[in-house]
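Residue numbers start from 1 in every chain, and the chains themselves are labelled A, B, ... in the order their sequence lines are given, proteins ahead of strands. Since the model is a prediction, treat every value here as computed from it, not as a measurement.
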There are 2 protein chains.
Amino acid sequence: MTELTPRAEFLLKILVERYIADGQPVGSRTLAKKTGLALSPATIRNVMADLEEMGLVRSPHTSAGRIPTQLGYRVFVDSLLTVQPLDVEQVRKFEHEFRTEEDPQHLIETTSHLLSEMTQLAGIIMVSRRESQVGFHQLEFVGLSGQRVLVILVTQDGQVQNRIIHAERRYSPAELVQAANYFNETYSGTPLGAVKRALVTDMQRVTEDMHRMMQLAIEIARRVFLDEKREGDDLVVSGESNLMEFPELGDIQKLRKLFDTFTSKRDLLHLLDLSMRAGGVKIFIGSESGYEALEDCSVVAAPYTADGEVVGTLGVIGPTRMPYEHVIPFVDITAKLLGGALSSLGR
Amino acid sequence: MTELTPRAEFLLKILVERYIADGQPVGSRTLAKKTGLALSPATIRNVMADLEEMGLVRSPHTSAGRIPTQLGYRVFVDSLLTVQPLDVEQVRKFEHEFRTEEDPQHLIETTSHLLSEMTQLAGIIMVSRRESQVGFHQLEFVGLSGQRVLVILVTQDGQVQNRIIHAERRYSPAELVQAANYFNETYSGTPLGAVKRALVTDMQRVTEDMHRMMQLAIEIARRVFLDEKREGDDLVVSGESNLMEFPELGDIQKLRKLFDTFTSKRDLLHLLDLSMRAGGVKIFIGSESGYEALEDCSVVAAPYTADGEVVGTLGVIGPTRMPYEHVIPFVDITAKLLGGALSSLGR
DNA sequence: TTTTGGCACTCGAGTGTTGAGAGTGCTAAT
DNA sequence: ATTAGCACTCTCAACACTCGAGTGCCAAAA
C-alpha cells in the first residue's frame, strides 16, 4: 500500500486545491462530489486512509475532514500542480510599471510592493551584495571631520554605496581627490571582484619607492573593499500586514515570531540565498527551511538576473495554504521583468 | 459638581496608575485599599460618579470598575503624572551606545532600536529633510547610461543623498566634473536653504554670455534642489511587533490598521511634524491625532537637535495604557543624547 | 477483488442555564 | 460629609445538551 496510484494522486490534488481555496478540512463527502469520478464517499475514505498512512494528509481530530501535511503540499507543488496562465491584461500593466521606473533602488522597492499587492501576501526581495560581477564605475572620497573619510562607491548599474572609514591620519581634500582619480583611472569598468583581487596583489607590490598617492588610494580602497564588517545583503519586505488576513496565522504569538523574523532578516536571507543558487522558482514549504518561525508559511522565490548574472532573489511569503497556481507564475514573471528592467538600465 | 477637587484628582491619579499597571478596570474597593486615605468604598463610589460625569473615567459595563477615558489620560499626563527618575546605571550604558556609533545613518537606526527595546514599544524616529539649516559640503555628478545623471549630495554632517535626474542631452564626464567643481567652489559650506535661494537668483542672471559650464551646473543643481517630487522625510520604525503583546491591540483588524499605518507612514509623519515645532516631550493620546488607526495608541515624541537646530523627531508608539512615567523621561533623554551625538559628529 | 451501503462512534461547535463574584447606585443612618 | 447596607446588574466560567459532519469498519454487492 506504499504505492501512489493515479487515482489517489488525483484525489490528493483535488483535496489540496479545495483546502487551499477555503481553509476547511475536506471530508469524504465533499471530495466525492467535487471530483468528477463517480465514487461513493466510502471509497474515498479508503483512499484517504491510504494517503494518511503515506503521510500525505492528516485529520486534525477524529471527526474532521483531511488536510494536507507538509509532505502532501510538497508532492502537490512538485508533481500535481497545474499553474494558471497569467492574465494578459495584468501582465501588460505590470510590464509598464517596470518600464517607467528608472532608479534601481526605487525599482527594487516598487517590485516588492507590487509583489505584495498583487498576491496579497508579503513580498520580499533581496539584493545580493555579491557584487563581484557588477562593473565598478567610480569612487569618490570626501573628507569629513576628524580622520573620517566618506567613501562613495558607484557601480555601473547606478547603485551607490556609502561607507565611512576611519583613517590613520587626516587627509587634505587635494590628496583625496588625487587618490580617487588614480583609482578611477586604474580600475573604472573593472568588475568589483577583480578589483578586490587586484588590490591584494597591488598591496604586495607596495614598496617604499611607490608613489605616495597610489599608496593612499590603495590603502583607503583596501579598507572599503576588504572590510569584513560590512552589512550583508539588502532585504526589502513589504505588505507584511497582508498576512494578518489568514486565520491560520491568527495566533498573535505566531504572527509576532513572523514579524520578528522580518526584522531580524537573517533566516529569510539564508532561505533566499538557497534559492539563488538554483535557477527558476523554488518553493519552501513550512518548516522545511528549519526555521521555527516559518512553521505555517511557505516561501515562493526566484532569482533574478541583470545582464545574465544572478544578482538577487525575490518572492513572496505567506501561509502554506496559498494559491500556488497563481503565485508561482507571478513570481516567475516578476523575476523576469525585473531582470529585464535592470539589464536595460545598465546600458 | 464641575470642579475637580484635590481628592478627586488624587483618586484619578491612583486609578490611572493602577489601570496602566494591570489593564483591569479598577473597582471602588481596590481603589479604597490602594489609596492611603482612610475612605470607604462607598465614598470612592461617589467621587467616581463625579469623575464619570466630568468625562474622565467610564465603566465598560454596568458592573465593572472604572477605566480612564482619553480625557482622563490627558489630565493624568498633563498635571498628575510624577515621572520616575531614570536608572543611573542604564543611562550610563545608554550614553555609551551613542558615543561609539559614528555613521549618522546608522546612529538613527540604532536609536530607533534602542527606543523599542528599552520601552518594549515601537520606536519611531524621523529625520527631517528640512535641511535648510544643514551645511552643504559637496556635490558630485556621475554620468550614467543614456541621458541620466546620478547626483550625489554630501552634507556637512556626513549625510549622503543620491538622486538620478534625466538631462536634456548627454554630458561628457569632463563637463560633469567641471560643473561639479564650479558648484563646490561656489557653494561649499553654505546652508542648503541658502543654496536654493541663490540658485533662483542665479538662474535669473543666466544670459547668453554666461559661461556654458556655469549654465550646466546651475541647470543640473536646479533639478536636484528644486524638484518637488522628492521623497518626504525619512521615518524609521522598529520593534512594531512589541505592540502585539498588548491585549487591547489584540484584535487583528486593529493591529493590521496600525501596521499599515507604519508602512504608509503619512499619518505618523504628520504627527511627528507637530511635535517638532514645540520643544520638549509631547504626548498624543488615542485619537486626539484624528487618525483612526491610532485609536487605542499614544505617541510620546520629542524633537532632537543637532548643533542647536531641530533636525528631527523621535519617540515611541504604544497602547494608550503605557507606563508614561518611565517612557517620558526615557524619550527625553534619548532625544538629548542623540542630539549630542549628532552635534559632536559634525565637528 | 473492488466498491458500496450501513451503522456505531467521536469530536467540535454552538446553545442555554446556572451560580459565583465583583461592582454599582441609592438610601438611611452617623 | 461620610459610611454601612442592600438590592440590583453584569460578566464569566462551568456544565450539560444537542446537532452535524465525518470517520472506521464490516458485510453485502458488483
Name the residue closer to the 5' end of DNA chain D, choosing between A:G27 and B:P41 according to the nucleotide with the nearest heavy atom. B:P41

Rounded interatomic separation in angstrom, taking CG from A:L15 and P from D:dT23: 10 Å

Which of the following nucleotides, C:dT3, D:dT23, C:dG5, is nearest to the side chain of A:S28? D:dT23

Just checking A:A64: base, sugar-phosphate only, or nothing, at a heavy-atom cut-off of under 4.0 Å? sugar-phosphate

Just how far, in rounded Å, is C1' of C:dA13 from CD of A:Q24? 12 Å

Write down the distance between CZ (A:R58) and P (D:dT23), rounded to a whole number of angstrom. 14 Å

Return the orientation label for the A:Y19 and A:Y73 ring planes: parallel under 30°, perpendicular over 60°, tilted otherwise. tilted

Polar contact flag, side-chain donor to acceptor under 3.5 angstrom, A:D260-B:S241: yes

Counting heavy atoms from C-beta on, name the nucleotide in C:dC11, C:dG23, C:dG25 closest to the side chain of A:H61. C:dC11

Would you kindly compare A:P60 and B:N46 by the position of their nearest DNA chain C nucleotide and give the one closer to the 5′ end? A:P60

Ignoring the backbone of A:S63, work out which of D:dC10, C:dT4, D:dA21 is nearest its side chain. D:dA21

Where do A:R74 and A:E288 land on the salt bridge (charged side-chain N to carboxylate O under 4.0 Å, His left out) test, with the steps shown first? CA-CA 10 Å; A:R74 185 81 270 169; A:E288 280 180 0; 2.6 Å; yes

Listed nucleotide nearest any side-chain atom of B:S40, set D:dT3, C:dG23, C:dT24: D:dT3

Whether the B:Q70 and B:T320 side chains hold a donor-acceptor pair (N or O, under 3.5 Å, no angle test) is what I'd like checked. no

Mind checking A:A32 for me? I need base, sugar-phosphate or nothing, with any heavy atom below 4.0 Å counting as a touch. nothing

B:L39 CG to D:dA4 C1', straight-line distance once rounded to whole Å: 14 Å

In whole Å, what is the span from the CD atom of B:E53 to the P atom of C:dT24? 16 Å

Side-chain N or O of A:R29 closer than 4.0 Å to phosphate OP1/OP2 of D:dT23: no

Could you tell me whether B:T62 contacts a base, only the sugar-phosphate backbone, or nothing, with contacts defined as non-hydrogen atoms closer than 4.0 Å? sugar-phosphate

How many Å lie between CG on A:L31 and P on D:dT23, as a whole number? 9 Å

Salt-bridge contact B:E52-B:R58 (side-chain N to carboxylate O under 4.0 Å): no

No-H, no-angle donor-acceptor pair, A:R45 side chain to D:dG24 base, under 3.5 Å: yes

Nearest to side-chain heavy atoms of B:A42, which nucleotide of D:dA4, D:dA21, C:dC11: D:dA4

Look at B:R7 and D:dA1 and indicate whether a side-chain polar atom (N or O) is within less than 4.0 Å of OP1 or OP2. no

